[in-house]
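Here the structure is laid out as structure tokens; the discussion comes afterwards.
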Amino acid sequence: MANQTNSSTEMPNHLETATFDGKNKVLGFWLFLGAETVLFACLFGTYLALRNQSLEGPTTQELFDLKLVALATALLLTSSLTSVLAMIKMNERNLKGMVTWLVITLVLGLAFLVLEIYEFLHYIHEGHTFMSSAFGSSFYALVGTHGAHVTFGIIWIITLIAQAIRRGITTETAPKLFVSSLYWHFIDVVWVFIFTLVYLLGKVG
Amino acid sequence: MAKENNQAISRKPESAVKHILSFVLMIAFTAAAFYIVVSDVVPSGWVIPLLLVFAAIQVFLQLFTFMHLDQKGTAFYTFFMIAGIFIAVISAVGILLM
Amino acid sequence: MERLRIWRIGLLISLVMILLAGCSGDPTLSVLDPKGSAAKIQLNLIYWSLGLMTVVFVIVITIFVYVLVRYRKRKGQDRMPEQVHGSTKLEIIWTVIPIAALIALAIPTVQYTFDLAEAPPAEETVIIDVTGYQFWWEFKYPQYGITTAQEVHIPVGKKILFRVHGKDVLHSFWVPSLGGKVDVVPGRVNTVILDAKEAGVYQGKCAELCGSGHALMDFKVFAKNQADFDKWKDQMKQPAPTVATTSSEANGEKIFQQNCIGCHAGVNPNIQGPNLNKFATRTTIAGVLPHNDENLKIWLRNPQSVKPGTLMPKIDYLNKDELNDLIKYLDSRK
Amino acid sequence: MPTLIVLLVLALFLAAIFTGGYNKQFFERVRSSRTWDWLTTVDHKKIGILYLMAGLFFFIIGGIEATLMRLQLFAPGNELFVGRTFNELLTMHGTTMIFLAAMPLIFAIMNAVVPLQIGARDVAFPFLNSLGFWLFFFGGLLLNLSWIFGGAPDAGWTSYTGLALNEYSPGPGVDFYVLGLQISGIGTLIGGLNFLVTIINMRAPGMTFLRLPLFTWTAFVTSGLILFAFPALTVALLMLMFDRLFGSNFFDYTMGGSTVIWEHLFWIFGHPEVYIVILPAFGIMSDVISTFSKKRLFGYNSMVFATVLIGFLGFMVWVHHMFTVGLGPITNSVFAVATMAIAVPTGIKVFNWLFTMWGGEIQFKTPMLWAVGFIPTFVLGGMTGVMLALPPADYQYQDSYFVVAHFHYVLVGGTVFGLFAGIYYWWPKMFGQMLSERLGKWHFWTFLIGFHLTFFPQHFLGLFGMPRRVFTYQTNVGLERINEISTIGVAGMVIGTIFFLINIVYTLRKGKKAEADAWGLGRTLEWSIPSPPPEYNFAQTPLVRGFDALWVEKEAGNKSMTPSEPLGSIHMPSPSYIPILMSIGFFIAGFGFIVRGIPAAAIGLVVVFAALFLRSFDYDHGYHVEPEDPEKGGKE
């Protein structure tokens, strides 16, 4: 605000930080991601401490299906790439290109979610539920929190696409879009750790 | 403030090449991680450290290419992210070693 | 004027000091009157740290009082103090000296921490399994096959290894006269090694909030000479008296079998009450009331009035005679 | 749920009555009313006042709870509050004082002062600032409603599991704790994030990091601690909620869970929390001592360094709350040494304060009295802090009254004294009136004496073998007299607080008008603008030319700050009803979860999401004010 005069009349290359509000938003969001890091770390710590407490239920080795996880990982990694491509289009002021990439991102995200829901249903069928043991609770808390983040991200990006189509790529919509893309990448980072520390480590023992 | 603004303006438009390269690397590391778990190429004591290293590299790639921390004017983002990761690691290890 | 106010505080603090200086607490309960080697070590560390810290405090307060008196604004004065930025020399001094002091504190600390955790040789140690329940303590001697509650007997001079188990919520096992506490954590076994240097009865406390009756979750440690301890041990190992000698005791036994045995002999694994096998040897009822028939009646009729939150139900449905018989029976459990 | 609807309708009726009946102009009148203005404000100065009022309200509630506990402990065998009731009192006292009194009062001062100290017109996220306040407020309200709806939480402010699980704490008490704290915790996190961005991005030209006033520095570090510590609490509360409401098994050992995990998570949050509430007090002390000694802060750089170091180390010492859990001598030793290390930066601060006064011209105005009372008190608390850091000694102190004495010396002697100093110091800036010096001095002396009388003897209670959180104690073991003294001391603190309240009422009625530089000794930017400041704070953003920006100009012989921009119209954010709406949504959802009413919870969450959408599609550009027109600027 004080420095809004600074948001120069010439067209900046980075729309998301072109205005003072945009700068605040991006910085604020990075700080939020820092907080999210600690949040997930606590869930990871709890999971790792409790993952062998499966009681009579199936153990990590018996339960996890790596093929499914590999597919889910590929989907999410690709969506991270398409999300960054959408941001490049955004900074080129190419609304159509951006929306296309964002929609692809959404589709990949949805596919990931469907896989995860299928996986959960499968586990519940195997007798591995939220209430069956401490392992169950901590597993669903960690992976479920990640899933909830993906869900929220999808809803968020849909509303932002609507706004972008209505208002175009402006110094007001750009920071929102950029920040949602950061969020999406962060979800991917968390998934990298989930697939390493939950699934792969679960197989190694 | 004005100085940072000028930096924002002087940035060059990004190319997609860097990101695609980074993506290929990530896929490669993911595949490698899967491979060392399902096969026996790596002695068992090395699997977990190696997995952690692969994960760390991927995080680095995500942060510094996809999330643009390689650009100028991101010192605060990097600082707070590193602080967050540091505290996160201490906390997780603390809980784990209870 | 300012000096006067500082005086007032000084006077107040010294008054409190005088009040407190006269006593060092009760010899069966006070940290300041150690009766075991762990408590002694801990008290040494407390005094050492208190001494160091007192030096620091005196230095700070001396500067503080001097500054307040010397540099206060006097009437009609309007002076412009020099705007000093700092002094590297001074700042280094008050960084380095505390570091040195802390090292002097850290070395014995780490030493003692490891010393206290060191397990003594097994053959010379009395092992006692302690279990904390809401709101009472169970003591088992796996070496002797004895189980008791609320009161634990130990031989003087021997190392005692307390293995502390938890079944419901967190408690904390604390005998201030003998040494520091250890938490009772459900699902874990913690250990603490204590000993008593002289015979006596020491008080034990639960130190972790564990529910409504937390304040009354007391127990007693009877430290005895080896001979006395052996005598006690033999008495405890004797089987409970089986034959009731009088008819009212026999009736009492029947009432006990009908009303109490579900919890007090471990029939129901989910509800476990204290073992009452040697009930008449205990000096307290529920760990808080002095042991006599009057108090036993109060406890049986309304346990909640004695210990809020206890799982013991009201035994108010027995008539006077039945109650007396039950008490007679319990009194015979020696 | 029906209760809530009735209350809502009642509120509407009352609003209609007070604004002159319901008709077409009803909403118009509501919108222009003062109440609506306060409910929807996004002005950091007004939000600061809201925080102050709410914080003082909860401070009084927590104080009453403490007084009742001390009355019970006046004599052994007392039967005023025993068993569960006593546990409810001790739980609510701790929870209220930490989360609902200390934290909001800190946010009150941060809101009132930080933007002014850095020469900003506003905070970075005015909307989020308002949201943070309302979330805190409704969370606190929810927690305190537990007294009426089925009993307060009774598992201690640490709410250790085992005891906090359904099996051992039946009834909704702990649910109120979980959801109330979760909601107010989100508010706090948002508040901390807002201040970080504000301090990083909104500084006036020339206000480099090493020119920030020390209060702003501590606000910055505190906000950073909030940012990284509160997520641990969020996770812990979430797990406890799952365990209590949805049958999960994080903490139930019979199902493989572990109570130690709760302890870890709680203290990973809880220890930084201690520094969250003490660091701003350090900042206030630094500003106050420097001002009333008429001297520049001694060793500014080392003060900043010490602040950052304390914040950093604060995350690596949480296990010292768990020395008796049985984590082994190695863990205990490592965390003991890390804890002792914190004494070094704290010591640096104390000596820097002493040498700031050295050679100065000390004026004992009320804020300075609090600062002067703070130093010896806090040093005593620090001393016992180092003593507690030694595991073997801690085995004896842990969970005894010694600990109670220690943390009250730190939290009352440190935080509360600091907050009182801050409130007296900046009250003229917030309200434009000077608090009475005479009443202020009465407040200080009665409170100080009462405080020491209450808590100094408690060290001995602990050493004589009295555990904490007990509702009674034995006779004839040397505890009676000390407990008596301790309870008598409470009277001093109560009387002191009453003096304070009288002071506030008196001042609001006929207080002396405050100058821009209310104490005549101002060194920092907030004293360069009128008291209270206009809506936009600075008509022209000032140019900062050194540490103690205003003092620099004073020394150069200037009467005011040099502006860094020409006079022009100023952009202001619009007020918004969305924060309070969203917070009410959270409140309803929380209440729904507590009473296990899923429809109510769903309605609440729908309100929350609706508010989120409203916000996302809201492209309000605010409005502009012309600073030449003072009528339009300051509504106060």
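Because the structure is predicted, anything quoted here is derived from the model rather than measured.
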Less than 4.5 Å apart, side chain to side chain, heavy atoms only: is that true for [X] and [Y]?
{"X": "L52(B)", "Y": "L197(A)", "result": "yes"}
{"X": "F193(A)", "Y": "V59(B)", "result": "yes"}
{"X": "M87(A)", "Y": "F66(B)", "result": "no"}
{"X": "L77(A)", "Y": "Q58(B)", "result": "yes"}
{"X": "I95(B)", "Y": "F44(A)", "result": "no"}
{"X": "L69(B)", "Y": "W30(A)", "result": "yes"}

Search all heavy atoms of [X] against all heavy atoms of [Y] and return the closest pair with its distance.
{"X": "T37(A)", "Y": "M81(B)", "value": "OG1-CE, 3.4 Å"}
{"X": "L66(A)", "Y": "F34(B)", "value": "O-CE2, 3.7 Å"}
{"X": "M67(B)", "Y": "L182(A)", "value": "CE-O, 3.5 Å"}
{"X": "S80(A)", "Y": "Q62(B)", "value": "OG-OE1, 3.2 Å"}

Practice problem: Could you tell me which of V69(A), L39(A), D188(A) has the largest number of non-hydrogen atom pairs under 4.5 Å with chain B? | Solution: D188(A)

Self-check item: Selection from T73(A), L43(A), L81(A), T196(A) maximising heavy-atom pairs under 4.5 Å formed with chain B
Solution: L81(A)

Quiz item: Between F23(B) and V84(A), is a side-chain contact (heavy atoms from CB on, under 4.5 Å) present by the stated rule, with each step listed?
Solution: CA-CA 10 Å; F23(B) 172 70; V84(A) 85; over 6 Å; no

Quiz item: Take atom CZ in F152(A); do more than 12 heavy atoms of anything else shown fall under 6.0 Å from it?
Solution: yes

Against chain A, label [X] side chain, backbone, both or neither, depending on which of its atoms sit under 4.5 Å from a heavy atom there.
{"X": "I57(B)", "answer": "neither"}
{"X": "V38(B)", "answer": "side chain"}
{"X": "I90(B)", "answer": "neither"}

Quiz prompt | Top contributor to chain A interface from I85(B), L51(B), I87(B) [non-hydrogen pairs under 4.5 Å] | solution = L51(B)

Quiz prompt | Nearest-0.5 Å distance, CD1 of residue I20(B) to CG of residue L85(A) | solution = 6.0 Å

Quiz item: Which distance, rounded to the nearest 0.5 Å, do you find between the OG1 of T17(A) and the NE2 of H68(B)?
Solution: 10.5 Å

Self-check item: side-chain contact (heavy atoms from CB on, under 4.5 Å) between F195(A) and T30(B), intermediate numbers included
Solution: CA-CA 9 Å; F195(A) 105 79; T30(B) 310; 3.3 Å; yes

Quiz item: Going through the checks in order, is the side-chain contact (heavy atoms from CB on, under 4.5 Å) test met by H185(A) and L63(B)?
Solution: CA-CA 8 Å; H185(A) 298 309; L63(B) 287 174; over 6 Å; no

Quiz item: Non-hydrogen atoms of chain B under 4.5 Å away: do they reach the side chain of T78(A), the backbone, both or neither?
Solution: both

Quiz item: Heavy-atom distance under 4.5 Å to chain B: side chain of F40(A), backbone, both or neither?
Solution: neither

